[in-house]
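Only one structure is covered here, and it is reproduced in the block below.
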Amino acid sequence: MTSVKTEKIASAALIVGVFIVWEIACLVFGISEFVLPRPTQIIFTLVDRWPALMPHAVQTLYTTLVGFALGVSAGVLIGMLIGSSRLAYNVAFPLLVGFSSIPKVAVVPIFVLWFGSGTVPAILTSMIISVFPVVVNMATGLATTEPELEDVLRTMKATKRDILLNIGLPRAMPYLFASLKVAVTLSFVGTVISETVASNKGIGNMMLIASSNFNVPLVFAGLFILAGLGIALYVIFSLIERRVTGWANRKTEFAMG
Amino acid sequence: MTTNPVPFARVAPIPTAPPAPPPPEPQRKLFIELEKVTVSYGKGETATQALAEVSLRAGEGDFIALVGPSGCGKSTILKLVGDLLKATSGNVFVAGREVGAQDVRIGMAFQNPTLLPWLTIRDNVMLPLKIVQPFRADWRQKRKTEYRDRAEALLAKVGLKDFGSKFPWQLSGGMQQRASLCRALIHDPNLLLLDEPFGALDQFTREELWGILQTLWIDTKPTVLLVTHDLRESAFLANRIVVMSARPGRILVDEPVAFARPRTIDTTYEPGFTNLTHKLRTLIVEARGAAGAT
């Protein structure tokens with residue numbers, strides 16, 4: 001127990017330490033705020049400009065969450081389709097790998113071409129970037145289900161649907177959640193890329209404008225907001241994961257709860 | 001039970017030939033029939049033959065123990081009857097129909113406990129009630145009341161009274177195996193397939209569970225196929241002991257066991273019992289030797 005506590009204190013200290021070193025380095029070497037603003041400057045800008053930043057943050061969060069939700073739904077469905085049969089798994093995997101190796105930045109212009117600039121291409125980019133990790137993990141989780149566990153249900157004359165609901169899906173949950181944590185951060189990347197390229201709203205757009213005005217502290221404030229949102233969503237999914245799939249980690253707190 | 005009438009019922013009664021006549025064996029309807037069943041794993045040159053033209057018949061309500069050297073295809077027979085595996089050639093009938101097509105409630109306990117790690121012990125035990133008819137129809141209404149009590153009662157019987165809310169991985173291997181036995185029994189199966197269900201247990205727990213299983217069998221008379229390595233276990237529980245040869249499995253001896261029921265642990269120390277297990281032991285040693293020689 002104490003070692004867990006020590007670890008937590010240490011990682012908090014590391015975060016604070018990085019900011020302190022950053023601050024001191026900027027002061028000692030006299031780094032201009034046009035190159036690298038000090039953390040205190042960034043935080044000051046963040047607080048000072050918050051009323052103006054807030055709508056952008058809300059826009060980015062909204063776009064990301066919609067894209068992420070669509071991406072996860074599509075990913076889970078495709079993953080179930082591919083993972084539920086060995087044939088589908090083997091046939092579809094090469095195509096999937098091909099798709100997932102396309103840099104997603106490259107599809108933004110296509111979406112803009114199709115749907116114009118604004119929220120829609122951002123949502124689509126965020127969706128498409130989060131789909132693949134979910135598909136791959138979902139399919140792997142289903143495809144690697146121990147045959148012995150399926151046998152338990154097969155002796156009961158369970159239907160394919162029973163087996164999927166009672167064995168396949170619960171078994172795939174740890175895989176799914178592992179991919180959700182990756183996908184949600186990727187979703188932000190997708191949104192911001194698209195906002196940077198073609199939008200008049202959102203943190204990505206705000207940062208682009210700020211940098212063209214050489215308002216570097218504001219650019220960094222945008223980064224801080226993105227980091228904050230990303231961390232918040234990651235934490236939320238970690239907490240849900242712990243409740244839902246604690247069995248996979250043999251978590252005692254899961255057992256008690 | 002709604003077992004379909006068996007078209008070729010009334011086969012010769014199971015040979016029992018009691019030395020000291022126990023209560024007369026009822027004439028049994030044919031329930032399981034394996035007809036020259038061969039099973040090979042793999043294809044071509046690398047194929048291993050697990051069973052070679054095995055024919056076996058079991059009457060309704062019979063208790064058959066399958067013994068033999070390891071790797072002789074005992075578990076394969078269970079998988080065939082449980083419809084987890086298709087025979088390479090030959091036929092398997094259960095309740096007068098092609099295996100899989102019949103309307104029989106099967107309870108199966110595997111060599112490994114195979115409990116679902118995301119369910120509590122209680123929910124694991126209740127799983128068949130969620131899947132198998134007619135229990136399935138009332139699952140929503142009864143899972144918090146009647147079914148739950150049923151699971152708890154069964155768990156208490158095997159000494160897992162306060163463990164219903166635990167998760168499988170919080171229990172020892174032996175406890176998990178007992179829970180898995182409960183799961184095989186909860187839905188009143190009329191066909192029980194037990195694959196070394198007591199393998200990981202200490203002798204005293206094991207003997208206790210023999211008693212429980214025997215009582216249950218006397219009460220509800222399911223047909224039981226039990227795979228075991230323990231000759232005392234087979235002689236204590238079964239009506240017939242089928243001894244198999246080393247791979248590819250063949251049936252060497254089909255030995256009736258006529259001790260009166262209910263048998264007690266003391267029965268296992270009687271001379272008749274010891275003679276029987278000794279005889280079986282000799283047969284299996286020979287079977288192993290024959291495999292080693294070729």
Side-chain angles (χ1 to χ4, degrees), chain A residues 76 80 83-84 86-87 137-138 140-180 237-257, chain B residues 75 78-86 94 99-121 123-133 135-136 139 163-171 179-180 183-184 186-187 189 191-195 225:
Chain A
V76 166
M80 270 164 65
S84 54
R86 181 129 297 270
L87 183 72
N137 271 38
M138 192 72 196
T140 310
L142 286 174
T144 55
T145 304
E146 295 85 345
E148 293 82 26
L149 293 186
E150 290 181 8
D151 280 355
V152 170
L153 281 210
R154 281 171 61 204
T155 54
M156 301 175 198
K157 297 210 196 318
T159 58
K160 281 230 162 207
R161 190 167 158 270
D162 287 334
I163 295 179
L164 184 68
L165 287 179
N166 289 288
I167 307 282
L169 288 184
R171 173 73 195 349
M173 279 303 127
Y175 291 81
L176 177 65
F177 272 96
S179 75
L180 289 189
F237 280 102
S238 300
L239 289 177
I240 302 177
E241 178 186 30
R242 206 184 314 175
R243 280 214 63 84
V244 178
T245 70
W247 59 270
N249 302 315
R250 312 290 189 252
K251 283 256 166 61
T252 22
E253 57 216 274
F254 167 76
M256 298 309 148
Chain B
S75 301
L78 286 202
K79 283 185 185 162
L80 285 169
V81 176
D83 196 26
L84 296 177
L85 187 73
K86 294 274 171 250
V94 175
V99 68
Q102 85 287 359
D103 173 30
V104 167
R105 273 206 300 276
I106 298 178
M108 187 155 181
F110 297 82
Q111 252 169 36
N112 302 318
T114 60
L115 299 168
L116 311 184
W118 51 87
L119 294 182
T120 61
I121 292 294
D123 289 339
N124 262 293
V125 171
M126 281 159 69
L127 189 64
L129 302 179
K130 187 179 177 186
I131 304 292
V132 178
Q133 293 290 9
F135 304 100
R136 185 184 182 133
W139 170 251
F163 293 92
S165 308
K166 297 270 187 213
F167 283 85
W169 36 273
Q170 296 175 306
L171 268 58
S180 130
R183 182 179 62 191
I186 192 150
H187 53 303
L191 175 55
L192 253 184
L193 305 172
L194 305 174
D195 196 346
L225 287 186

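Hydrogens, waters and symmetry mates play no part in the numbers below; they use all other heavy atoms, side chains included. In what follows, every chain begins at residue 1, and chains take the letters A, B, ... in the order their sequences are listed.
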Salt bridge (Lys or Arg N to Asp or Glu O under 4.0 Å) involving A:E150 - partner list, sequence neighbours excluded: none
Could you measure the distance from the CG atom of A:L149 to the CD atom of A:E146? Nearest 0.5 Å is fine. 4.5 Å
Pair count under 4.5 Å, heavy atoms only, with chain A: among B:P128, B:G82, B:A109, highest is B:P128
How many angstroms lie between atom NZ of B:K79 and atom CE of B:M108, to the nearest 0.5 angstrom? 7.0 Å
When rounded to the nearest 0.5 angstrom, what is the spacing between CG in B:L85 and OG in B:S75? 11.0 Å
Any B:V81 side-chain heavy atom under 4.5 Å of B:L193 side chain: yes
Under a 4.5 Å cut-off applied to non-hydrogen side-chain atoms, are A:L142 and A:M80 in contact? yes
By a 4.5 Å heavy-atom criterion (distance strictly below it), what part of A:D162 contacts chain B: side chain, backbone, both, or neither? side chain
Please classify the contact of B:L115 with chain A as side chain, backbone, both or neither, using a heavy-atom distance under 4.5 Å. backbone
Are A:L153 and B:L127 packed together at the side-chain level, in the sense that at least one heavy-atom pair is separated by less than 4.5 angstrom? yes
If the contact rule is any heavy atom under 4.5 Å from chain B, which residues of residues 163-175 of chain A qualify, in numerical order? A:N166, A:I167, A:P170, A:R171
